[in-house]
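A short worksheet on the structure shown next.
Counting starts at 1 for both ligands and their atoms, following the listed order.
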Amino acid sequence: MSRPSLPETRVKARPTTGVCPRCGVLRPEPFADRVWNLFFLAVQPGRHRSGMGDLVVHQVEKSLRGSGEQAARVLIVETSSTIEDEAARRFYEREGFDRNARVCKFCGPGADKIVSWKSLVPADT
Ligand SMILES: CC(C)(COP(=O)(O)OP(=O)(O)OC[C@H]1O[C@@H](n2cnc3c(N)ncnc32)[C@H](O)[C@@H]1OP(=O)(O)O)[C@@H](O)C(=O)NCCC(=O)NCCS
């Protein structure tokens, strides 16, 4: 198994103008094969639905793809099954992630963890 060669990073969108009202943490998954996890993506309330989240995800994907298949082959994101995370689930669906794992009660009583997945390589096997 190849190991990701890049460290955990705090991601920042780079809009052409203005401040960067968003943040997130990108981290290689331990014990996985070149899988990266984008955590804590958050856009400043009041700036939602202005394309900032989309910009962050695109920049993260571009950066990981640019680092090569030997470093990154899958990007995952995690949400919960709660109604509060409905927007995040819709957002990630729109970004092209497939929901493909559910861990029951991971986030608390009645709140499952939803893991969504996206390939970073043309023909992942
Ligand atoms: C989820 C989050 C990061 C999305 O960021 P954003 O900048 O508002 O999203 P964008 O403007 O880039 O949205 C892109 C698309 O995602 C979908 N989307 C985003 N927010 C949505 C919502 N509340 N309901 C339904 N669809 C939504 C839409 O299709 C949207 O495109 P459109 O606005 O042209 O219809 C933001 O809502 C947020 O910070 N939420 C709180 C923290 C959080 O839940 N983070 C996720 C980690 S679990």
Just need the protein heavy atom nearest to [atom], so name the residue and atom and give the distance.
{"atom": "atom 7 (O) of ligand 1", "result": "G53 N, 2.7 Å"}
{"atom": "atom 40 (N) of ligand 1", "result": "H48 CE1, 3.6 Å"}
{"atom": "atom 25 (C) of ligand 1", "result": "R90 CD, 3.3 Å"}
{"atom": "atom 34 (O) of ligand 1", "result": "R94 NH1, 3.5 Å"}
{"atom": "atom 23 (N) of ligand 1", "result": "A87 CB, 3.1 Å"}
{"atom": "atom 44 (O) of ligand 1", "result": "A88 CB, 3.6 Å"}

Between ligand 1 and [X], is the shortest N or O to N or O distance under 3.5 Å?
{"X": "T79", "answer": "no"}
{"X": "E78", "answer": "no"}
{"X": "F91", "answer": "no"}
{"X": "R49", "answer": "yes"}

Q.
For the residue pair D85 / T79, report whether a side-chain donor-acceptor contact shorter than 3.5 Å exists.
A.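 There is no such pair (donor and acceptor under 3.5 Å, judged by atom type) between the side chains of T79 and D85.
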Donor-acceptor under 3.5 Å ([X] side chain, [Y] main chain):
{"X": "N100", "Y": "S116", "answer": "no"}
{"X": "R73", "Y": "R34", "answer": "no"}
{"X": "Q70", "Y": "S67", "answer": "yes"}

Taking only heavy atoms of [X], which atoms of ligand 1 are found under 4.0 Å from at least one of them?
{"X": "A42", "result": "39 (O)"}
{"X": "G51", "result": "10 (P), 11 (O), 12 (O)"}
{"X": "S50", "result": "11 (O)"}
{"X": "M52", "result": "7 (O), 12 (O)"}

TODO: Apply the side-chain contact (heavy atoms from CB on, under 4.5 Å) test between V77 and each candidate in Y92, W36, W117; give the one that qualifies.
DONE: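 The residue from Y92, W36, W117 that satisfies side-chain contact (heavy atoms from CB on, under 4.5 Å) with V77 turns out to be Y92.
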Open item on the list: Between the side chains of R89 and E86, is the shortest nitrogen-to-carboxylate-oxygen separation below 4.0 Å, so that they form an ion pair?
Closed with: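 Between R89 and E86 there is a salt bridge, with a charged N closer than 4.0 Å to a carboxylate O.
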Audit row: K118, E61, salt bridge (charged side-chain N to carboxylate O under 4.0 Å, His left out) steps and yes/no:
CA-CA 10 Å; K118 183 186 257 196; E61 286 182 29; 2.6 Å; yes
Any N37 side-chain heavy atom under 4.5 Å of L26 side chain =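 Not in contact.
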**OP:** Would you indicate whether the side-chain heavy atoms of D54 and E95 approach each other to under 4.5 Å?
**Re:**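 Counting from C-beta outward, E95 and D54 do come under 4.5 Å.
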_From the candidates D54, V43, L41, L38, the one that places a heavy atom nearest atom 5 (O) of ligand 1_ =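 The residue whose heavy atom sits nearest atom 5 (O) of ligand 1 is V43.
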Quick check for you: to the nearest 0.5 Å, what is the distance between R102 atom CZ and I114 atom CD1?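 Reported value, rounded in 0.5 Å steps: 4.0 Å.
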